[in-house]
Engineer: 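Starting off with a structure, shown below.
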Amino acid sequence: MPEMITVNDVGMRVEDTAGRIGILRDVISDFEDPAAPPSERRKQHVAFIRPERGGREWLVSPDQVQRA
C-alpha cells in the first residue's frame, strides 16, 4: 500500500484513485466546507489538488492520493 501524502508533499505531483493527476496544494486535517450549510458542516481530512496545467482545484481524502 502506498504511503499516505502529508503536508510535506505540498507542491509535488500526485494522483488520486480516480486517476486524476495534479499538484498537491495543501492538506488540512480539520477542514469545514464553507459552502455547506452550518448545520451540515463537519471537520474532515482533505487534500487540495490542482490540475497540472491549471483549472479548477478539487478536494479528495488524503488516503485516496499517492505520489505520482
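Nothing fancy with the numbering, it's 1 onward along the sequence.
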Engineer: Between M4 and P62, what is the shortest heavy-atom contact and its length?
Structural biologist: CG-O, 3.5 Å

Engineer: Once you round to the nearest 0.5 Å, how far does CG of D33 lie from CD of Q44?
Structural biologist: 7.0 Å

Engineer: Which value, rounded to the nearest 0.5 Å, describes the distance between I5 atom CD1 and D16 atom CG?
Structural biologist: 10.0 Å

Engineer: From R67 CZ over to R13 CZ, what is the distance, rounded to the nearest 0.5 angstrom?
Structural biologist: 14.0 Å

Engineer: About how many Å separate OG1 of T6 and CE of M12, when rounded to the nearest 0.5 Å?
Structural biologist: 10.5 Å

Engineer: Does atom CZ of R25 have more than 12 heavy-atom neighbours, drawn from other residues, nucleotides or ligands, at distances under 6.0 Å?
Structural biologist: no

Engineer: What residues, two or more places apart in sequence or in another chain, satisfy side-chain contact (heavy atoms from CB on, under 4.5 Å) together with D30?
Structural biologist: I28, K43

Engineer: If I compare all heavy atoms of P34 with all of R41, which pair ends up nearest, and what's the gap?
Structural biologist: O-NH2, 3.0 Å

Engineer: For the residue pair E52 and I23, establish whether any side-chain heavy-atom pair is separated by less than 4.5 Å.
Structural biologist: yes

Engineer: Please say yes or no: joined through hydrophobic side-chain contacts below 4.5 Å, possibly via intermediate residues, are L24 and V46 part of one cluster?
Structural biologist: no

Engineer: Does any pair with a residue in residues 41-68 pass ring-ring contact (aromatic ring centres under 6.0 Å, His included), and if so which ones, sequence neighbours excluded?
Structural biologist: F31-F48

Engineer: Taking V14 as the fixed residue, which of I21, V60, V65 is the one that meets the side chain to side chain contact (heavy atoms under 4.5 Å, CB included) rule?
Structural biologist: V65

